[in-house]
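Below: the structure, in structure tokens.
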Amino acid sequence: MKKIYALCLVMACVFSFVQPVFAQENLVQIEPRADIIGWKYKTMDGKLYKRLYNYTKEQWIGDWILVGNAN
């Protein structure tokens with residue numbers, strides 16, 4: 001009986017010092033996002049050209065590619 005009483009007393013002491021753990025509310029989350037890339041077109045001398053453009057970085061990608069006649 002004394003062992004059970006001593007065990008209960010020890011358990012009560014241990015659980016009285018345990019503090020609840022809460023998640024931090026102000027976490028910074030990083031969300032990687034892909035660049036927005038699309039085609040730009042131009043007509044020169046009756047011919048249609050296209051070229052990739054990175055709208056996020058505002059930079060051209062590659063060279064102008066001949067698509068065909070602009071008819």
Side-chain angles (χ1 to χ4, degrees):
M1 186 69 180
K2 287 185 179 183
K3 288 184 182 181
I4 294 175
Y5 178 72
L7 181 62
C8 290
L9 183 62
V10 168
M11 295 290 281
C13 289
V14 168
F15 286 120
S16 66
F17 293 112
V18 174
Q19 302 238 345
V21 177
F22 297 102
Q24 186 178 358
E25 292 182 21
N26 297 329
L27 294 177
V28 176
Q29 294 183 0
I30 299 172
E31 296 180 20
R33 297 176 185 246
D35 289 346
I36 300 170
I37 297 174
W39 291 103
K40 290 243 183 175
Y41 295 89
K42 77 173 181 178
T43 303
M44 191 168 68
D45 295 329
K47 296 179 182 176
L48 181 64
Y49 293 88
K50 69 178 181 178
R51 188 175 184 185
L52 278 176
Y53 187 74
N54 186 331
Y55 289 94
T56 306
K57 298 178 182 175
E58 299 179 352
Q59 294 178 341
W60 290 105
I61 302 172
D63 296 321
W64 288 101
I65 300 169
L66 177 63
V67 177
N69 292 333
N71 297 335

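For clarity, every value in this text was computed on a predicted model and none was experimentally measured.
Lys42 NZ: more than 12 foreign heavy atoms inside a 6.0 Å radius. Residue Leu66 places its CG atom among more than 12 non-hydrogen atoms of other residues, nucleotides or ligands, all under 6.0 Å distant.
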**Report entry** Evaluation steps, side chain to side chain contact (heavy atoms under 4.5 Å, CB included), between Arg51 and Ile65
**Finding:** CA-CA 6 Å; Arg51 188 175 184 185; Ile65 300 169; over 6 Å; no

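When all heavy atoms of Lys40 and Trp64 are compared, the pair lying nearest together is O-CZ3, 3.6 Å.
By the 30° and 60° cut-offs, the orientation of the rings of Tyr55 relative to Tyr53 is perpendicular.
Cluster annotation: Trp39 is connected to Leu48 through the hydrophobic network of ILVMFWY side chains, with a link wherever side-chain heavy atoms come within less than 4.5 Å.
Note that CD1 of Ile37 is 10.0 Å distant from CD of Gln59, once rounded to the nearest 0.5 Å. To the nearest 0.5 Å, atom CG of residue Leu52 and atom CD1 of residue Ile61 are 5.5 Å apart.
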